[in-house]
Amino acid sequence: MKSSARVVVIGGGVVGVSALFHLTELGWTDVVLVERRELTAGSTWHAAGGMHTLNGDPNVAKLQQYTVGLYREIEQRSGQNCSVHMPGGLMLAGDRERMDWLRMAQARGRYLGMDMEIISAAEAKRMFPLLEEQYFIGALFDRAEGHVDPTGVTRAYAGCARQAGAEIYQHTWVSDLRQRPDSTWDVITESGEIHAEHIVNAGGLWAREVGRMIGLELPVLAMEHMYLITEDMDEVAEYNAATGHELPMGLDFDGELYIRQEGGGMLLGTYEQACVPWSPRETPWTFDQQLLVPDLDRLAPSLEIAFKHYPALADVGIKKVINGPFTFAPDGNPLVGPVPGVRNCWVACAVMAGLSQGGGVGLTLARWMADGDPGEDIWAMDVARFGNWASLAYTNAKVRESYRRRFRITFPNEELPAGRALHTTPVYDRLTAHNAVWGASFGLEHPLWFQRPGEEPREDVTFRRSNAYHVVAEECTTVRERVGLTECSNFAKYRVTGPGSAGWLQRLFTNRLPQTGRINLTAALDPNGHIVGEFSVARVGTDDFFLFGSQIAEAHHSRWFLGHLADGVRFDVLGLSLVGLSLAGPGARDVLQSVTDASLATENYPFMTFRRIDVGMIPAYVGRMTYTGDLGYEIWVAPEYQRALFDLLWQAGKSYGIGLFGFRALMSLRMEKMFGTWAREYRPIYTPVEARMHRALKLDHDFIGRAAAEAELSRGPARTLGYFDITPDPTEPADVVGDEPIWQGGAVVGWATSGAYAHYSRRSLAFGYVPSELAVPGAMFEVEIIGQRRPARLLPEPVLDPAGHRMRA
Ligand SMILES: Cc1cc2nc3c(=O)[nH]c(=O)nc-3n(C[C@H](O)[C@H](O)[C@H](O)COP(=O)(O)OP(=O)(O)OC[C@H]3O[C@@H](n4cnc5c(N)ncnc54)[C@H](O)[C@@H]3O)c2cc1C
């Protein structure tokens with residue numbers, strides 16, 4: 001065994017070997033993998049081997065597509081048979097909502113280059129004669145679905161990696177991990193120690209325990225999962241004889257089951273509602289290629305549906321039942337990337353569909369390690385999407401929810417109930433008393449809208465417009481015509497202090513730093529010129545700054561800042577030690593002025609001022625800006641003052657017609673002001689030039705990514721963020737949500753990033769990326785919304801107050 005290596009990958013399941021293989025592909029050959037038993041000894045050996053490209057997140061879908069396409073290549077290069085079967089797959093819809101969802105999935109697939117086809121129930125029956133047509137209304141057929149032999153795949157990755165120089169040590173348990181002061185690692189195994197620059201936790205069923213070796217509590221939990229294999233069936237033999245090929249795979253959403261041919265019989269798996277976590281607190285190291293005791297009672301409700309939907313199954317014997325554990329993160333997507341706060345420590349775990357996702361996970365992890373950039377949009381898989389609020393018990397609640405909902409639709413306006421309300425601000429009860437409908441983001445509750453008094457604070461979930469529509473319209477009017485009050489604690493807030501802070505930030509930010517007492521907007525880039533983040537920067541002293549950014553990116557951004565930290569500079573994540581309320585609308589100044597001695601007249605407190613003033617008796621930092629694009633103030637206080645601040649503003653606002661507004665109204669208001677948002681318009685795959693962040697891009701100073709930005713500015717961006725006025729279907733109006741394809745001239749030319757109905761301007765608006773040469777003001781496009789191509793005109797400027805008079809008034 002080597003005593004040192006550049007990388008030690010811990011875990012020889014399908015994910016660990018994929019990471020090892022992809023590292024060698026990028027030229028990192030001094031890499032080893034350590035496996036406590038034999039390759040595949042965790043979840044991998046008993047997986048059903050099914051693979052598909054469908055995923056709720058299009059970027060994960062794209063990586064699944066990459067994975068599926070990789071098997072023939074590694075098979076050929078390693079000489080190891082992977083038993084690749086590609087019969088295609090049917091996703092079967094039993095109702096209209098599911099059909100809508102499939103249409104949207106098909107549409108998303110278009111801009112990812114996926115070739116999927118909507119077919120009728122009769123056509124599905126012809127392709128899959130075992131099904132009972134009356135229970136379905138249609139299906140989506142995907143050619144890129146099939147199944148593989150998980151052990152063959154694992155060996156093939158391992159074979160390719162070995163050919164390139166990687167070494168694999170089996171029967172070598174990693175019992176401890178110790179980091180040296182220079183951030184390298186001593187990997188302690190039962191056969192000796194390996195000194196490594198980087199470690200990768202691909203421990204699968206034991207990823208949590210491997211994390212605990214270094215004091216990490218990763219949000220990952222194993223669930224029991226069962227599938228059964230029937231005896232050979234005459235129907236299957238007849239189909240094979242008649243067609244010359246095997247049956248396609250089936251995903252039956254109503255039955256919450258998957259079904260495919262296995263030999264001469266059928267394999268059927270379910271995501272049962274009576275699901276059971278496995279080893280919820282700790283995975284025993286003694287667990288060793290074992291199966292769990294099957295419990296057919298748990299499957300009974302799904303089997304009942306299966307026998308109705310596929311009657312031939314009712315008459316055939318069950319040959320085998322497999323019950324095995326595999327892991328999930330709270331939202332069902334993998335955990336990948338550098339662990340926030342721990343240098344040279346990477347994870348590739350919680351991969352619940354290793355045969356569909358393992359290749360993409362390995363590819364992006366290896367690129368991230370080798371190039372400092374995953375090379376793809378992996379926001380949905382980034383380990384930093386969870387904070388330390390994702391405790392063991394939270395993870396348990398969310399994973400069970402996620403497992404049960406595996407085949408359920410999550411609507412764009414749906415807020416899932418598990419793990420709520422965990423994280424609240426002091427005004428939570430006040431806002432609840434005002435009938436707030438709550439959502440959660442990065443664990444924190446935030447008000448979505450305020451239901452009318454006496455009505456139930458609940459939103460109907462839908463792809464179209466919900467019961468919130470008219471109430472949100474009123475909230476928008478309150479802001480635009482009088483004054484609105486909302487909570488703005490759901491920003492990530494950071495404080496940067498200490499000598500050299502200004503120089504350090506200036507080197508990270510694309511915009512010049514503001515003067516003391518001022519705020520501005522800026523971006524941070526990676527060396528390739530991609531957007532790492534966008535922030536409001538408020539300066540309160542020479543070397544004293546507040547930064548405000550997207551809350552869901554708090555761990556992602558703080559990982560990046562801390563990874564670049566300079567000596568003497570202090571970077572603090574403020575979390576809920578700073579909370580906020582925001583006043584917006586033409587009456588905002590009058591309300592605030594009535595409770596402060598500081599003069600808020602524009603000549604004394606112009607737009608983009610940020611100062612420490614007293615509001616009533618409350619010490620506050622007040623920034624004159626709001627995301628509504630109206631006259632407004634964000635008022636930041638310590639949490640112990642937030643309730644008093646709320647009462648003060650609410651009381652003071654009464655004579656000005658104050659009303660509450662929530663996140664839904666904010667999204668509508670920002671849309672008519674053409675303000676982009678993180679994770680939609682601004683993501684790590686876009687550049688500030690593409691995203692039209694020119695005002696925040698100043699080439700008069702040096703910053704990370706400057707050379708790339710400058711080069712792009714001079715050659716012009718290949719794609720450009722467009723702003724569209726949509727004409728929705730008049731009979732059943734639906735607005736853009738995000739990820740819809742944008743068409744022009746009969747071809748898909750781009751994709752939408754977000755959209756909303758702008759109530760005050762009475763227009764359905766959207767953002768989306770299109771090739772720059774097509775981004776001509778007035779140009780006509782179509783956006784495909786729930787299967788319908790709707791006219792979309794590219795607008796040159798915000799539909800409301802393009803000159804920005806309202807916020808400067
Ligand atoms: C019944 C069932 C059916 C499934 N069907 C499918 C399917 O059809 N399609 C699909 O895509 N997925 C399926 N899965 C899921 C799939 O099995 C997992 O996604 C996949 O196996 C995860 O691989 P992994 O490498 O992350 O983890 P694992 O396979 O668990 O591998 C982790 C490895 O790390 C090793 N290890 C851990 N700690 C240490 C240590 N300290 N030192 C050394 N080695 C260590 C373990 O021994 C193990 O071999 C199924 C799972 C089950 C249970």
Side-chain angles (χ1 to χ4, degrees), residues 8-20 32-52 64 67-68 145-151 153-154 157 168-177 187-191 194 199-213 220 222-229 249 251 258-260 262 267 269-271 278 283-292 294 320-329 332 334-336 347-362 403:
V8 172
V9 177
I10 303 161
V14 68
V15 174
V17 288
S18 167
L20 189 76
V32 304
L33 182 146
V34 188
E35 165 55 49
R36 55 190 273 279
R37 294 286 191 266
E38 284 159 14
L39 294 182
T40 77
S43 292
T44 302
W45 70 279
H46 53 58
M51 50 184 188
H52 51 87
Q64 293 186 185
T67 305
V68 173
E145 285 202 11
H147 55 99
V148 282
D149 166 25
T151 303
V153 164
T154 306
Y157 278 129
I168 295 177
Y169 309 121
Q170 300 189 70
H171 300 286
T172 306
W173 175 49
V174 173
S175 58
D176 203 2
L177 296 163
V187 179
I188 320 296
T189 82
E190 52 192 352
S191 317
I194 311 174
I199 52 168
V200 176
N201 176 356
L205 289 178
W206 294 267
R208 193 177 41 180
E209 284 65 32
V210 172
R212 285 176 185 161
M213 290 177 190
V220 52
M223 297 294 291
E224 293 194 15
H225 183 63
M226 283 181 272
Y227 63 85
L228 52 88
I229 300 173
M249 324 249 299
L251 245 180
Y258 56 90
I259 181 167
R260 73 165 169 84
E262 172 70 22
L267 180 153
T270 73
Y271 283 82
W278 178 72
T283 307
W285 292 110
T286 48
F287 188 76
D288 193 12
Q289 293 211 340
Q290 283 153 257
L291 289 176
L292 309 173
K320 205 175 352 171
V321 182
I322 302 284
N323 183 10
F326 68 142
T327 52
F328 285 75
L335 297 174
V336 183
V347 289
C349 63
V351 183
M352 61 76 54
L355 284 315
S356 299
Q357 300 176 328
V361 166
Y403 185 97

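Numbering of ligands and ligand atoms starts at 1, following listing order.
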TODO: Applying side chain to side chain contact (heavy atoms under 4.5 Å, CB included), name anything that partners E209, two or more places apart in sequence or on another chain.
DONE: W206, R212, E282, T283, W285

TODO: Considering the heavy atoms of V210, write down every atom of ligand 1 situated less than 4.0 Å from one of them.
DONE: 38 (N), 41 (N)

TODO: Could you establish whether T327 and ligand 1 come within less than 4.0 Å of each other, counting only heavy atoms on the residue side?
DONE: no

TODO: Just need the protein heavy atom nearest to atom 22 (C) of ligand 1, so name the residue and atom and give the distance.
DONE: V351 O, 3.6 Å

TODO: Report, in ascending order of atom number, the atoms of ligand 1 lying under 4.0 Å from any heavy atom of G13.
DONE: 25 (O), 29 (O), 31 (O), 33 (C)

TODO: Would you tell me whether H52 and Y258 have side-chain atoms, one donor and one acceptor, within less than 3.5 Å of each other?
DONE: no

Task: Side-chain touch V347/V200, heavy atoms, less than 4.5 angstrom - done: no

- [ ] With heavy atoms of L205 as the reference, note each atom of ligand 1 found under 4.0 Å away.
- [x] 30 (O)

Open item on the list: So is M51 touching ligand 1 or not, going by heavy atoms under 4.0 Å?
Closed with: no

Task: Side chain, backbone, both or neither: S175 near ligand 1, heavy atoms under 4.0 Å - done: neither

Task: Any N or O of S43 closer than 3.5 Å to N or O of ligand 1 - done: yes

Task: N or O pair under 3.5 Å between M213 and ligand 1 - done: no

- [ ] Taking the side chain as every heavy atom from C-beta outward, state whether L335 and F328 have any atom pair closer than 4.5 Å.
- [x] no

TODO: Report yes if the side chains of W173 and T189 come closer than 4.5 Å at any heavy-atom pair, otherwise no.
DONE: no

Open item on the list: Is W285 close enough to touch ligand 1? Criterion: a residue heavy atom under 4.0 Å from a ligand atom.
Closed with: yes

Open item on the list: Can you name the atoms of ligand 1, numbered from 1 with element, that are less than 4.0 Å from a heavy atom of A353?
Closed with: 10 (C), 11 (O), 12 (N), 19 (O)

Task: Contacting atoms of ligand 1, where contact means under 4.0 angstrom from a heavy atom of G12 - done: 33 (C), 34 (O)

Open item on the list: Side chain or backbone, does F326 bring an N or O within less than 3.5 Å of an N or O on ligand 1?
Closed with: no

Open item on the list: Using a 4.0 Å cutoff against the non-hydrogen atoms of G354, which atoms of ligand 1 qualify?
Closed with: 10 (C), 11 (O), 12 (N), 18 (C), 19 (O)

Open item on the list: Would you compute the distance between atom CD1 of I199 and atom CG of L177 and round it to the nearest 0.5 angstrom?
Closed with: 4.5 Å

TODO: If you have a sec, work out which protein heavy atom is nearest atom 11 (O) of ligand 1 and how many Å separate them, to one decimal?
DONE: L355 N, 2.8 Å

Task: Side chains of P325 and M223 in contact at under 4.5 Å (non-hydrogen atoms) - done: no

Task: Check: G324 N/O within less than 3.5 Å of ligand 1 N/O - done: no

- [ ] May I ask you to check whether A48 has an N/O atom sitting below 3.5 Å from an N/O atom of ligand 1?
- [x] yes

TODO: Using a 4.0 Å heavy-atom cut-off, say whether T172 meets ligand 1 through its side chain, its backbone, both or neither.
DONE: backbone

Open item on the list: Side chain or backbone, does P325 bring an N or O within less than 3.5 Å of an N or O on ligand 1?
Closed with: no

Open item on the list: Considering non-hydrogen atoms of the protein only, which is the closest contact for atom 37 (C) of ligand 1, and what is the distance?
Closed with: G203 O, 3.4 Å

Open item on the list: Within this structure, what is the CD1-CD1 distance for the pair I229 and I322, rounded to the nearest 0.5 Å?
Closed with: 6.0 Å

Task: side chain to side chain contact (heavy atoms under 4.5 Å, CB included) partners of S43, counting only residues at least two apart - done: H46, L205, F326

- [ ] Can you sort out which atoms of ligand 1 are near V34, meaning under 4.0 Å from one of its heavy atoms?
- [x] 43 (C), 44 (N)

- [ ] Kindly confirm or rule out an N or O of M226 lying under 3.5 angstrom from an N or O of ligand 1.
- [x] no

TODO: State the CG-OG1 distance between L355 and T154, to the nearest 0.5 angstrom.
DONE: 7.5 Å

- [ ] Please write down residue, atom name and distance for the protein heavy atom closest to atom 42 (N) of ligand 1.
- [x] V174 N, 3.0 Å

- [ ] Enumerate the atoms of ligand 1 whose separation from the nearest heavy atom of Y227 is less than 4.0 angstrom.
- [x] 1 (C), 3 (C)

Task: Exercise: identify the closest heavy-atom pair between Q289 and L39 - done: NE2-O, 4.4 Å

- [ ] Scan side-chain atoms only and decide if E35 and Q170 contain a donor-acceptor pair under the 3.5 Å cut-off.
- [x] no

Task: Residue, atom name and distance, where the atom is the protein heavy atom closest to atom 34 (O) of ligand 1 - done: G11 CA, 3.0 Å

Task: Residue, atom name and distance, where the atom is the protein heavy atom closest to atom 8 (O) of ligand 1 - done: G50 N, 2.8 Å

- [ ] Could you say whether the N/O atoms of T44 and ligand 1 ever approach to under 3.5 Å?
- [x] yes

Task: Min side-chain heavy-atom separation V187-V32 under 4.5 Å - done: no

TODO: Considering heavy atoms of the protein only, find what lies nearest to atom 35 (C) of ligand 1 and give residue, atom and distance to 0.1 Å.
DONE: E35 OE1, 3.1 Å

Open item on the list: With respect to A348, determine whether any N or O atom, backbone or side chain, lies less than 3.5 Å from an N or O atom of ligand 1.
Closed with: no

TODO: Starting at OG1 of T327, measure out to CH2 of W278 and round the result to the nearest 0.5 Å.
DONE: 10.5 Å

Task: Mode of M352 contact toward ligand 1 - side chain, backbone, both, neither (heavy atoms, under 4.0 Å) - done: backbone

Task: Heavy-atom pair of closest approach, residues E224 and L292 - done: CG-CD1, 3.5 Å

Task: Test of proximity, V15 against ligand 1: N or O pairs below 3.5 Å - done: yes

TODO: Note the single closest protein heavy atom to atom 53 (C) of ligand 1, along with its residue, its atom name and the distance in Å.
DONE: H46 CE1, 3.1 Å

